[in-house]
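The following block contains the structure, expressed as structure tokens.
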Amino acid sequence: MSVPRLRFAPSPTGYLHVGGARTALFNWLYARKYGGQFLLRIEDTDKARSTDESTRAIFEGLEWLGLTWDEDVVYQGANLERHQVDARRLLDSGAAYRCFCTREELDQRRAEAEARKEPFKYDRRCDALPAAEVERRVAAGMPFTIRFRVPDGTTSWDDMVHGTISFPNKDIEDFVILRSDGTPIYNLAVVSDDIAMRITIVMRGDDHISNTPKQIMLYRALGAELPTFAHLPMIHGLDGKKLSKRHGATAVGDYQHMGILPQAMLNFLALLGWSPGNDIEVMTVPQMIELFSADGLLKKAAVFDTAKLEWMNGQHLSLLSSADIEPRVTPAIVRAGLATAGELAAKRDWYLALLDQLKVRSRTIDDIVRQAEPYLKDDITYDPAAEAKQWKDRPATADLLRAAGDALKALPAWEPPLMEEALRALAEARGLAGGKVFQPLRVALTGLSVSPGIFDVLVLLGRERSLARIDAAVRHLAG
RNA sequence: GGCGGUAUCGUCUAGGGGACUAGGACGGAGCCCUCUCAAGGCUCAAACACGGGUUCGAAUCCCGUUACCGCUACCA
């Protein structure tokens, strides 16, 4: 059994789309699971739409996800000569013929057929041209395309995900393989390259199912061995339509910038169109490789639901230690202007303790950054809603906070059990439930009505800062 | 229009003729825990597209219908 060779072959006409990322993921998982090779080919034959920028975006997206490829990147555009040679071989062997019909003529005939409500199929008129006439036209420099002559019969294959699929050849017209300018059409370029790259498994979106019979005919006419085909279902938006920009974020980079972890993205994508069974959902990347099996590949298109992605990210966040996520959080904090990397490094232990507190109540890296502000910045601002809710009776609150500050200040050590004892005693002395003390205090310390446990906040802030914030709140309330 | 593909809770899915009173997860509702918010635990609502077969028995197999998606270019 030969080593499986798979490839991901995006065209660089935009950013790395989540659908493309998932196709890449399944190819990669298959290669990793079965000891195969995963290759990357950039299909840049459409010069008008391809850009270096989007080629870079594809690399970046794949690298961020950790979907590494095994050999040098293949640029389809660099294989133009081989594509032409293959087209020529097909022409010479009689599997293809020259077509002198112009695009205008074709468009017109297509429109006429349309008007008559008939399906349009190229009528092979140029295939019927006498050899002498063909020669005359070529000699006269008439432009021509090369069309593949579709044989009679049926073309079918055993698809890895769909089982047997077959197409009556009569429904397939003699398709163009080489344009009049000498450049190849997609189907030729793909087959030519897949043969050259010795690809054994072609795993791609099921929007290519209709191209497959054409490609199979090309493989045969070229005398090449057929690869195994696996057609993955598409990804749709919430409205059931093929996922596109109007559904919001569709580029993997969008999710990277939203603070999604690559492993969570991969995990989520893997579950769209594949299931390991046994109700398993949250998986690390090694586990995904371990569990991956082509049997679990589904046929049905899946809807991309970001709510579940965020939940998944939260799951992965809790799987990681604060030290693991620190490299991803720090740049975001720096970008938000809350601290410099140097400042954070100087108090690393404290910083990691802070992350431990914040990550449990976060779903994304951005959530962590949002919550970190009161601990990283010197000044806090009181959230109006929190103030209105927890500081209703301002004089009484000022008094309560002053007392709480005094109690805390009197503590022999800055430790949670002592804090709790003192604060609960204060509450009891005033006939209040603990929360009636903790909540106003939380606002004084963080400016917010939501935070980690109050004693954790006190520890994170430290004695001096906590006491100072309480003082400031008392002054604010009195003033 | 032609051809192809697909069809289980709103969403991701388990399910491979009897173990189905159709399971899990997200989201939703509620309860517990609790100083808030999360996390966690528990509970509830929620689906086999429809119609015919085959079979003692169908979510599972077959056929048809419907719906949705894709392809139908000198795009990829």
Side-chain angles (χ1 to χ4, degrees), chain A residues 9-13 43-46 48-50 76 99 101-103 106-107 110 113-114 117-121 143-147 159 162 165-168 170-173 175-181 183-187 189-190 205-213 231 233-234 236 238 240-242 268 271-282 298-312 314 318 357-363 367 371 386 389-390 420 423-424 427 433-443 446 448-455 457:
Chain A
S11 39
T13 55
E43 308 216 317
D44 54 354
T45 50
D46 184 349
R49 291 196 294 162
S50 301
Q76 191 160 63
C99 173
C101 299
T102 65
R103 195 194 299 255
L106 257 12
D107 285 345
R110 214 184 321 270
E114 181 92 15
K117 290 184 187 276
E118 282 168 16
F120 176 76
K121 200 178 135 194
F144 60 86
T145 62
I146 294 182
R147 279 185 190 271
D159 196 275
H162 292 271
I165 298 180
S166 51
F167 284 79
K170 66 173 175 52
D171 293 325
I172 303 170
E173 72 172 353
F175 54 96
V176 173
I177 55 177
L178 203 71
R179 297 186 185 90
S180 51
D181 67 359
T183 60
I185 287 296
Y186 173 74
N187 285 122
V190 166
D206 67 15
D207 48 343
H208 286 290
I209 285 179
S210 317
N211 282 322
T212 306
H231 288 96
M234 304 267 80
H236 290 169
L238 259 353
K241 304 269 190 247
K242 189 172 165 180
F268 175 71
L271 258 21
L272 254 34
W274 173 68
S275 167
N278 298 115
D279 295 333
I280 295 170
E281 296 214 289
V282 179
L298 274 358
K299 303 175 191 175
K300 197 184 95 173
V303 172
F304 192 85
D305 178 9
T306 50
K308 189 152 186 177
L309 203 211
E310 291 191 6
W311 167 80
M312 182 66 79
S318 62
Q357 286 298 328
L358 303 185
K359 81 185 179 72
V360 66
R361 58 207 95 224
S362 300
R363 293 202 147 189
D367 286 342
Q371 295 179 71
K389 179 144 194 252
Q390 307 299 344
E420 177 153 20
L423 259 17
R424 290 212 187 267
K436 294 292 183 202
V437 174
F438 301 148
Q439 280 301 88
L441 183 56
R442 186 186 317 278
V443 179
T446 66
L448 308 169
S449 54
V450 169
S451 83
I454 199 73
F455 311 117
V457 173

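Below, chains carry the letters A, B, ... as their sequence lines are ordered, and counting in each starts from 1.
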Exercise. Identify which nucleotide among B:C37, B:A14, B:U6 has an atom closest to any side-chain atom of A:Leu298, counting heavy atoms from C-beta outward.
Key: B:A14
Quiz item: Donor-acceptor pair, A:His162 side chain versus A:His231 backbone, under 3.5 Å?
Solution: yes
Exercise. Assign A:Gly314 to base, sugar-phosphate, or nothing according to its heavy-atom contacts below 4.0 angstrom with the strands shown.
Key: nothing
Self-check item: Sugar-phosphate or base contact per nucleotide [nucleotides 66-74 of chain B; S, B, -; heavy atom under 4.0 Å]
Solution: ---SBS-SB
Quiz prompt | Nearest-angstrom distance, C1' atom, B:C9 to B:A14 | solution = 13 Å
Practice problem: To the nearest Å, give me how far apart CG (A:Asp44) and C1' (B:A76) are. | Solution: 11 Å
Quiz prompt | Spacing of A:Asn278 atom CG relative to B:U13 atom P, expressed in whole Å | solution = 16 Å
Quiz prompt | A:Lys300 vs B:G5: side-chain N/O to OP1/OP2 distance below 4.0 Å | solution = no
Quiz item: Any side-chain heavy-atom pair from A:Met312 and A:Leu271 closer than 4.5 angstrom?
Solution: yes
Practice problem: For A:Thr45, answer base if it contacts any base atom (sugar-phosphate contacts may also be present), sugar-phosphate if it contacts only those atoms, and nothing otherwise; contact means non-hydrogen atoms under 4.0 Å. | Solution: sugar-phosphate
Practice problem: Can you label the angle between the A:Phe455 ring and the A:Phe438 ring as parallel, tilted or perpendicular, going by 30° and 60°? | Solution: perpendicular
Quiz item: For RNA chain B, whose closest nucleotide is more 5', that of A:Glu118 or that of A:Gly277?
Solution: A:Glu118
Quiz item: How is A:Ser275 classified with respect to the nucleic acid when contacts are heavy atoms under 4.0 Å: base, sugar-phosphate, or nothing?
Solution: sugar-phosphate
Exercise. Give one of base, sugar-phosphate or nothing for A:Ile454, where a contact means two heavy atoms less than 4.0 Å apart.
Key: base
Exercise. Please measure how far the P atom in B:C62 lies from the corresponding atom in B:A67, and state the result in whole Å.
Key: 22 Å
Practice problem: Find which nucleotide of RNA chain B each of A:Phe304 and A:Gly435 is nearest to by heavy atoms, and output the residue with the more 5' nucleotide. | Solution: A:Phe304
Quiz item: How many Å lie between CD on A:Gln357 and C1' on B:U36, as a whole number?
Solution: 13 Å
Self-check item: Nearest non-hydrogen partners of A:Gly435 and A:Pro440, listed with the distance
Solution: O-CD, 3.9 Å
Quiz item: Sub-3.5 Å donor-acceptor pair from the side chain of A:Thr446 to the main-chain atoms of A:Leu448, do we have one?
Solution: yes
Quiz item: A:Phe455 has an atom CZ; how far is it from atom P of B:C37, in whole Å?
Solution: 16 Å
Quiz item: When you measure from the side chain of A:Val303, which nucleotide among B:U36, B:U6, B:C12 comes out closest?
Solution: B:C12
Self-check item: P spacing across the pair B:A19 / B:C31, given as an integer number of angstrom
Solution: 36 Å
Exercise. Give the rounded distance in Å between these two atoms: CD of A:Glu310 and P of B:A38.
Key: 14 Å
Exercise. Might you point out which heavy atoms bring A:Arg363 and A:Ala307 nearest each other, and give the distance in Å?
Key: NH1-O, 4.2 Å
Practice problem: In whole angstrom, give me the gap between the P atoms of B:G30 and B:C68. | Solution: 36 Å
Quiz prompt | Between B:U36 (P) and A:Arg442 (CZ): distance, integer Å | solution = 8 Å
Quiz item: Does a nitrogen or oxygen in the side chain of A:His231 sit under 4.0 Å from OP1 or OP2 of B:G5?
Solution: no
Quiz item: What closest approach, in Å, do A:Pro233 and A:Lys300 show between heavy atoms, and which atom pair accounts for it?
Solution: CB-O, 3.3 Å
Practice problem: To the nearest 0.5 Å, tell me how far A:Ile185 CD1 sits from A:Phe175 CZ. | Solution: 10.5 Å
Exercise. Please state the P separation for the pair B:G18 and B:U65 - nearest whole angstrom.
Key: 29 Å
Exercise. Measure from CG on A:Leu441 to C1' on B:U36 and round the result to the nearest Å.
Key: 12 Å
Quiz item: So which heavy atom on A:Phe167 is nearest to which on A:Ser210, and how close?
Solution: CZ-CA, 4.0 Å
Quiz prompt | Interatomic distance at C1', B:C12 relative to B:U55, whole Å | solution = 33 Å
Exercise. Quick one: label A:Pro213 by what it contacts on the DNA or RNA (base, sugar-phosphate, nothing), any heavy atom closer than 4.0 Å.
Key: nothing
Exercise. Quick one, give me the B/S/- string for nucleotides 20-34 of chain B, reading 5' to 3', where B means a protein heavy atom under 4.0 Å from the base and S means that only happens at the primed atoms, P, OP1 or OP2.
Key: ---BBBSS-------
Exercise. Output the single nucleotide from B:C35, B:U6, B:A76 whose closest atom is nearest the side chain of A:Gln76.
Key: B:A76
Quiz item: When the distance from CZ of A:Arg49 to P of B:A76 is rounded to whole Å, what number comes out?
Solution: 8 Å
Practice problem: Decide yes or no on salt bridge (charged side-chain N to carboxylate O under 4.0 Å, His left out) for A:Asp305 and A:Lys308, but give the supporting numbers first. | Solution: CA-CA 6 Å; A:Asp305 178 9; A:Lys308 189 152 186 177; over 6 Å; no
Quiz item: Say you pick atom P in B:G16 and the same atom in B:A7; how far apart are they, in whole Å?
Solution: 16 Å
Quiz item: Of the nucleotides B:G5, B:C35, B:C37, which has the atom closest to the A:Val450 side chain?
Solution: B:C37
For nucleotides 16-18 of chain B, list the nitrogen or oxygen atoms of the protein found under 3.5 Å from its nitrogen or oxygen atoms, one pair per line.
none

Exercise. Can you tell me, in whole Å, how much space there is between the P of B:A59 and that of B:U54?
Key: 16 Å
